Trainee: 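Sharing a structure here in structure tokens format.
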Amino acid sequence: MSEHIIEALGLSKITIKDGKVVDVSEPEVEYCPLFDHHRGIKKLTKEVISKNIQFRIDDFGMCTPKRQLRMKDFLSFGISEIMCTLLEKHEIDCVVMVLEGCGTVIVNEGELVQGIGGRVSGLVKTSPIPELVSEIGEKNIVNPETAEINQIEGIKLAIKQGYKNIAVTIALAEDMEAINKLKEEYPDINIYVFVVHTTKRTPEEARTLFDGCDVATACASKHIREIGEKESLKIVGQSIPIYARTEDGKKFLELRLEKIGGEKPKKDNPDLPYPMI
């Protein structure tokens, strides 16, 4: 039996088995401007979340062997879109990210980055889907037999494969110490850290994640927003800001802005997630 657990849509924990939503927890955030603007969802409830996830399963095969992995870049501003542009501009060689049915994977194609990261976020646990393992390639997966999610091992695998400019998405503060050690161990390798899925991080976790990243997304995180608004070298977006902590991160945001024709006009009262946690 194929089982996958994701945290999404207001930090609800959703369990999917064999292409069906079998369990949805109460969301901790009841309003997300992204889902309002793109799907017309004014309030996140268990029923709304279940329908949205089942729609994704039926539409592009999320968490199933029919998963559509590639997606064209489009005019928006998110972590996967930024990394897609960085691959195109040869600023990075690959991305270490997470895919349902495979776990931690190495991807070096923009449309794969967009199709994987732009469609599903917050994957907590997954199990192998042979069809997806075959399409990504076992050599590009940390553990194709278990679909383990382990970003540190993903970076090590990318280094082993000869990549020199590696982007990695992380959500766990505990990964940052290991990444910093890898940076010391491999001074000739550039490891760029993109922090994702930041809602409900503690003040200490938020501090650790922000201090070690190049780019971070705000999500509905009270503490990432507090730090990011004060300390970022560049901020893009208002409802769900993306923060650049380093000069590299600033350059990455600017390259994406250049690609899409600049920033949208600022709103006086932008829609924000509620509550911030």
Side-chain angles (χ1 to χ4, degrees), residues 1-25 27 32 34-35 37-41 44-76 78-81 83-84 87-88 94-151 154 157 167 169 171 196-197:
M1 180 180 288
S2 171
E3 181 178 271
H4 314 273
I5 300 172
I6 63 174
E7 287 180 346
L9 289 101
L11 213 65
S12 171
K13 185 169 283 188
I14 302 128
T15 303
I16 299 162
K17 291 185 180 179
D18 295 331
K20 296 294 179 184
V21 177
V22 297
D23 189 62
V24 179
S25 72
C32 173
L34 290 183
F35 285 95
H37 299 165
H38 293 291
R39 305 295 304 175
I41 297 172
L44 295 168
T45 65
K46 289 172 64 174
E47 293 73 24
V48 164
I49 292 166
S50 181
K51 285 182 180 179
N52 179 270
I53 295 297
Q54 192 63 52
F55 165 78
R56 296 194 215 182
I57 294 169
D58 298 337
D59 182 50
F60 61 84
M62 184 176 77
C63 298
T64 77
K66 296 181 180 179
R67 171 73 147 91
Q68 296 172 21
L69 293 178
R70 288 170 174 79
M71 185 165 68
K72 296 286 187 184
D73 187 19
F74 54 92
L75 296 182
S76 64
I79 296 296
S80 58
E81 288 83 6
M83 295 189 299
C84 184
L87 280 170
E88 179 186 300
C94 73
V95 178
V96 177
M97 59 195 313
V98 180
L99 169 64
E100 72 269 29
C102 295
T104 295
V105 299
I106 299 170
V107 178
N108 59 14
E109 182 186 329
E111 286 189 12
L112 272 177
V113 170
Q114 187 65 31
I116 293 170
R119 283 181 165 134
V120 180
S121 63
L123 192 65
V124 175
K125 184 180 179 183
T126 190
S127 57
I129 298 176
E131 293 85 350
L132 302 186
V133 169
S134 177
E135 188 161 352
I136 294 296
E138 289 193 8
K139 70 181 180 69
N140 298 316
I141 302 172
V142 164
N143 194 329
E145 294 182 1
T146 65
E148 175 187 3
I149 297 172
N150 189 323
Q151 301 306 82
L157 181 60
T169 60
V196 298
H197 198 53

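All values below come from the heavy atoms of this structure, side chains included, with hydrogens, waters and symmetry mates left out. In this text the structure is predicted, and so the values were computed from the model without any measurement.
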Trainee: Between Gln54 (side chain) and Val21 (backbone), is there a donor-acceptor pair under 3.5 Å?
Mentor: yes
Trainee: Within this structure, what is the CD1-NZ distance for the pair Ile14 and Lys46, rounded to the nearest 0.5 Å?
Mentor: 11.5 Å
Trainee: In sequence, state the C-alpha distance, the side-chain angles, and the governing distance for Cys32 and Leu44, and then conclude on side chain to side chain contact (heavy atoms under 4.5 Å, CB included).
Mentor: CA-CA 8 Å; Cys32 173; Leu44 295 168; 4.2 Å; yes
Trainee: Look up atom SG in Cys94 and atom CG in Leu87, then write down how far apart they are to the nearest 0.5 Å.
Mentor: 8.0 Å
Trainee: Got a donor-acceptor contact below 3.5 angstrom from the Gln151 side chain to the Thr169 backbone?
Mentor: yes
Trainee: Find out whether Asn140 and Val105 are in side-chain contact, i.e. whether some heavy atom of one side chain is under 4.5 Å from a heavy atom of the other.
Mentor: no
Trainee: What side-chain donor-acceptor pairs closer than 3.5 Å can you find for residues 116-136, not counting sequence neighbours?
Mentor:
| unit_1 | atom_1 | unit_2 | atom_2 | d |
| --- | --- | --- | --- | --- |
| Arg119 | NH1 | Gln68 | O | 2.9 |
| Arg119 | NH1 | Arg70 | O | 3.3 |
| Thr126 | OG1 | His4 | ND1 | 2.7 |
| Thr126 | OG1 | Gly101 | N | 2.7 |
| Ser127 | OG | Glu3 | N | 3.0 |
| Ser127 | OG | Glu3 | O | 3.1 |
| Glu135 | OE2 | Arg70 | NH1 | 3.2 |

Trainee: Is a donor on one side and an acceptor on the other found under 3.5 Å between the side chain of Ser12 and the backbone of Ser25?
Mentor: yes
Trainee: Would a distance-only check, ignoring hydrogens and angles, find a side-chain to backbone donor-acceptor pair under 3.5 Å from Thr64 to Gly19?
Mentor: no
Trainee: Distance from Cys84 atom SG to Leu112 atom CG, nearest 0.5 Å?
Mentor: 10.0 Å
Trainee: Using 0.5 Å steps for rounding, measure from the CG atom of Asn143 to the CD1 atom of Ile149.
Mentor: 12.0 Å
Trainee: Test Thr104 against Val96 for side chain to side chain contact (heavy atoms under 4.5 Å, CB included), laying out the working first.
Mentor: CA-CA 7 Å; Thr104 295; Val96 177; 3.6 Å; yes
Trainee: Kindly write out the residues that satisfy salt bridge (charged side-chain N to carboxylate O under 4.0 Å, His left out) with Lys72, not counting sequence neighbours, or none if the list is empty.
Mentor: Glu111
Trainee: Between Thr15 and Val22 (side chain of the first, backbone of the second, donor and acceptor by atom type, cut-off under 3.5 Å), is there such a pair?
Mentor: no
Trainee: Atom CD1 of Ile49 and atom CG of Leu9: how far apart are they, to the nearest 0.5 Å?
Mentor: 5.5 Å
Trainee: For residues Arg39 and Phe55, determine if any side-chain heavy atom of one lies less than 4.5 Å from a side-chain heavy atom of the other.
Mentor: yes
Trainee: Is any side-chain heavy atom of Phe35 less than 4.5 Å from a side-chain heavy atom of Asn52?
Mentor: yes
Trainee: Would you check, one step at a time, whether the test side chain to side chain contact (heavy atoms under 4.5 Å, CB included) holds for Val107 with Met83?
Mentor: CA-CA 11 Å; Val107 178; Met83 295 189 299; over 6 Å; no
Trainee: Which heavy-atom pair separates His197 from Ala171 by the least distance, and what is that distance?
Mentor: CB-CB, 4.0 Å
Trainee: Quick one: are Met62 and Ile16 in side-chain contact, heavy atoms under 4.5 Å?
Mentor: yes
Trainee: From Lys20 NZ over to Ile57 CD1, what is the distance, rounded to the nearest 0.5 angstrom?
Mentor: 7.5 Å
